[in-house]
Amino acid sequence: MKIAFFDTKEYDQKSFESYAGDYLEFQFYDTKLCEATAKLAYGADAVCVFVNDDVNAAVIDKLYSFGVQLIALRCAGYNNVDLAAASEKIRVVRVPAYSPHAVAEHTMALLLCSVRRIHKAYNRTKDFNFSLNGLTGFDLHGKTMGVIGTGKIGKALIEICKGFGMNVLAYDKYPSEIYGVRYTELDELLCESDIISLHCPLTPETQHIINKNSIDKMKNGAVLINTSRGALIDSEDLLEGIKERKIGAACLDVYEEESDLFFEDFSGHIVNDDTLARLITMPNVIVTSHQAFLTEEALSGIAETTVNNILDYFEGRELTNEVCLRCGNAENRTEEPDPIGAGV
Ligand code: NAI
């Protein structure tokens, strides 16, 4: 079976290469999948894609005409795949869980870095500047964390927050029982949280869940963290909220328009995205380039599940990690959520 991998970096190849052999042949492309690059999948039985590959209807039609039978996402989110277009043509599988701790821990790392000004201190001491002026932070102990989306990652973050002695409020479309956590309506969470962290998927319903209206409801000085998907936040409104001193700090591992920028080296280039450029210049904004997943444990978990998904398909087994409208497990579902940890 030939599998064409798109948007691959050295670390992807390293985590997958031990699975290549007589049965599975891997072709690694560093380019992203889009209409113009879909032809690289000619002759492949499956494609393996990541968060910023654009698997729209036109791309799916091309893949289908080449005889590609499977789209294997090596990530959890699938907002970049047109599931309606894939329906009845190409099956789609994903990696529903791979170390939620990787993302939850990165979330806490960003928060600690921000509120204790570690990013500033690091730069200062590199220059032998040992002044403490402007580095005053605040304790997390006793503060209120508002978690939007309490699935695998949200739950892992909640456990970390409890360890820090924080109060936790939660909002989820499908609330569950979590010891020591109070579920609220979204507005109440926005009003009462000192820190707000986003862990819901990107769907038409959650797109710009953080916008001018929701920012206005937040406490003055609230810290906003997004390690989920960029378009959960209206970036222009966030920038305004920061300029108006309403938002105390923002920690962003994802960005609405990240697909043309993240994972690539643009140092020495003129970046045309004025909103991102302005956000990055803010002293109270920390941006990482969609790296929350990037731990050794997560990479090997991703490779193992992806290869198993591919083998399940080609060896005729049930696709436990399939995502499709027909199966009723896509995020526009109206029924009960997937059991946590059980895949889809
Ligand atoms: P999950 O499926 O376990 O949890 C998502 C939660 O969001 C569920 O509890 C669900 O009920 C809830 N939800 C769905 N629609 C909602 C709505 N309209 N309002 C509020 N809550 C809603 O997913 P998991 O594994 O926790 O991942 C969460 C997200 O994190 C993924 O969708 C993905 O976008 C992002 N992610 C980011 C990574 C990174 O490297 N930055 C890596 C992995 C995931």
Side-chain angles (χ1 to χ4, degrees), residues 7 9 11-12 50-52 73-81 83 94-110 146-160 169-178 181 183-190 196-211 214 225-233 251-256 258-259 262-263 286-295 297-299 301-302 305-306 321 323 328-344:
D7 199 12
K9 299 281 177 280
Y11 47 80
D12 294 305
F50 198 46
V51 292
N52 289 327
L73 288 151
R74 51 179 195 280
C75 55
Y78 47 85
N79 52 283
N80 53 332
V81 181
L83 291 179
R94 66 166 180 149
V95 183
Y98 53 90
S99 183
H101 309 291
V103 183
E105 288 171 16
H106 190 78
T107 304
M108 183 48 92
L110 286 172
V147 178
I148 300 181
T150 55
K152 293 174 283 298
I153 295 169
K155 280 194 170 85
L157 178 67
I158 286 169
E159 289 311 308
I160 294 173
L169 297 179
Y171 168 72
D172 197 297
K173 193 173 172 187
Y174 309 95
S176 51
E177 290 271 312
I178 308 176
V181 172
Y183 276 94
T184 66
E185 291 302 317
L186 180 59
D187 280 0
E188 189 181 346
L189 181 147
L190 293 171
I196 295 167
S197 194
L198 303 175
H199 300 287
C200 55
L202 175 62
T203 65
E205 202 178 349
T206 59
Q207 181 166 18
H208 291 179
I209 194 169
I210 301 297
N211 54 30
S214 46
I225 315 171
N226 189 5
T227 57
S228 194
R229 284 292 181 268
L232 295 177
I233 298 180
C251 306
L252 309 173
D253 184 52
V254 285
Y255 172 66
E256 199 170 2
E258 71 178 45
S259 60
F262 281 19
F263 309 136
I286 297 178
V287 175
T288 52
S289 54
H290 209 136
Q291 75 173 73
F293 74 99
L294 196 63
T295 66
E297 291 80 358
L299 285 175
I302 288 170
T305 305
T306 302
N321 294 327
V323 52
N329 57 11
E331 279 304 339
N332 60 355
R333 67 196 173 197
T334 51
E335 303 298 320
E336 289 299 299
D338 313 319
I340 299 308
V344 203

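Worth knowing before you read on, the calculation uses all heavy atoms, side chains too, and leaves out hydrogens, waters and symmetry mates. Counting starts at 1 for both ligands and their atoms, in listed order. Nothing here was measured: the structure is a model prediction, and the numbers come from that model. Here, residue 1 is the first one in the sequence, and each next residue gets the next number.
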Counting from 1 in the order shown, the ligand 1 atoms closer than 4.0 Å to a non-hydrogen atom of T150 are 9 (O)
Give the numbers and elements of all ligand 1 atoms closer than 4.0 Å to a heavy atom of T206. 17 (C), 18 (N)
For ligand 1 and Y171, I'd like to know whether there is a polar contact (N/O to N/O, distance under 3.5 Å). no
Numbered in order shown, the ligand 1 atoms found under 4.0 Å of a heavy atom of V103 are 38 (C), 42 (C), 43 (C)
Per-atom contacts, ligand 1 versus Y98 - under 4.0 Å to a heavy atom: 42 (C), 43 (C)
Using a strict cut-off of 4.0 Å, indicate which atoms of ligand 1 neighbour a heavy atom of A292. 39 (C), 40 (O), 41 (N)
Can you tell me if T203 has a non-hydrogen atom under 4.0 Å from ligand 1? no
Between ligand 1 and G149, is the shortest N or O to N or O distance under 3.5 Å? no
Output yes when a side-chain donor or acceptor of N226 lies under 3.5 Å from a complementary backbone atom of L252, and no otherwise. no
Would T150 and Y171 satisfy side-chain hydrogen bond (donor to acceptor under 3.5 Å, both in side chains), going step by step from the backbone distance to the final call? CA-CA 7 Å; T150 55; Y171 168 72; over 6 Å; no
Verdict with supporting geometry, L190 and I210, side-chain contact (heavy atoms from CB on, under 4.5 Å): CA-CA 10 Å; L190 293 171; I210 301 297; 4.2 Å; yes
Please check: side-chain N/O of N321 versus main-chain N/O of V95, any donor-acceptor pairing under 3.5 Å? no
Determine, using heavy atoms of L202 and all atoms of ligand 1, whether some pair is separated by less than 4.0 Å. no
Any atom of ligand 1 sitting under 4.0 Å from a heavy atom of P100? no
Check whether any side-chain N or O of T203 sits under 3.5 Å from a backbone N or O of E205 as a donor-acceptor pair, and report yes or no. yes
Which bit of H199 gets closer than 4.0 Å to ligand 1, counting heavy atoms only: side chain, backbone, both or neither? backbone
Between L189 and E185, is the side-chain contact (heavy atoms from CB on, under 4.5 Å) condition met? List the steps. CA-CA 6 Å; L189 181 147; E185 291 302 317; over 6 Å; no
Hey, mind stepping through Y255 and V287 against side-chain contact (heavy atoms from CB on, under 4.5 Å) and telling me if it holds? CA-CA 9 Å; Y255 172 66; V287 175; 5.9 Å; no
Under 4.0 Å from a heavy atom of H290: which atoms of ligand 1 are those, numbered in the order shown and with their elements? 39 (C), 40 (O), 41 (N)
Between S228 and C200, is there a donor-acceptor pair closer than 3.5 Å when you use the side chain of the first and the backbone of the second? yes
Does one side chain, of T288 or H290, offer a donor that lies under 3.5 Å from an acceptor on the other? no
Are the aromatic ring centres of F293 and F50 under 6.0 angstrom apart? yes
What part of D172, side chain, backbone, both or neither, has a heavy atom within less than 4.0 angstrom of ligand 1? both
Could you list the atoms of ligand 1 found under 4.0 angstrom from a heavy atom of C200? 7 (O), 21 (N), 22 (C)
For ligand 1, is there an N or O atom under 3.5 Å from any N or O atom of K152? yes
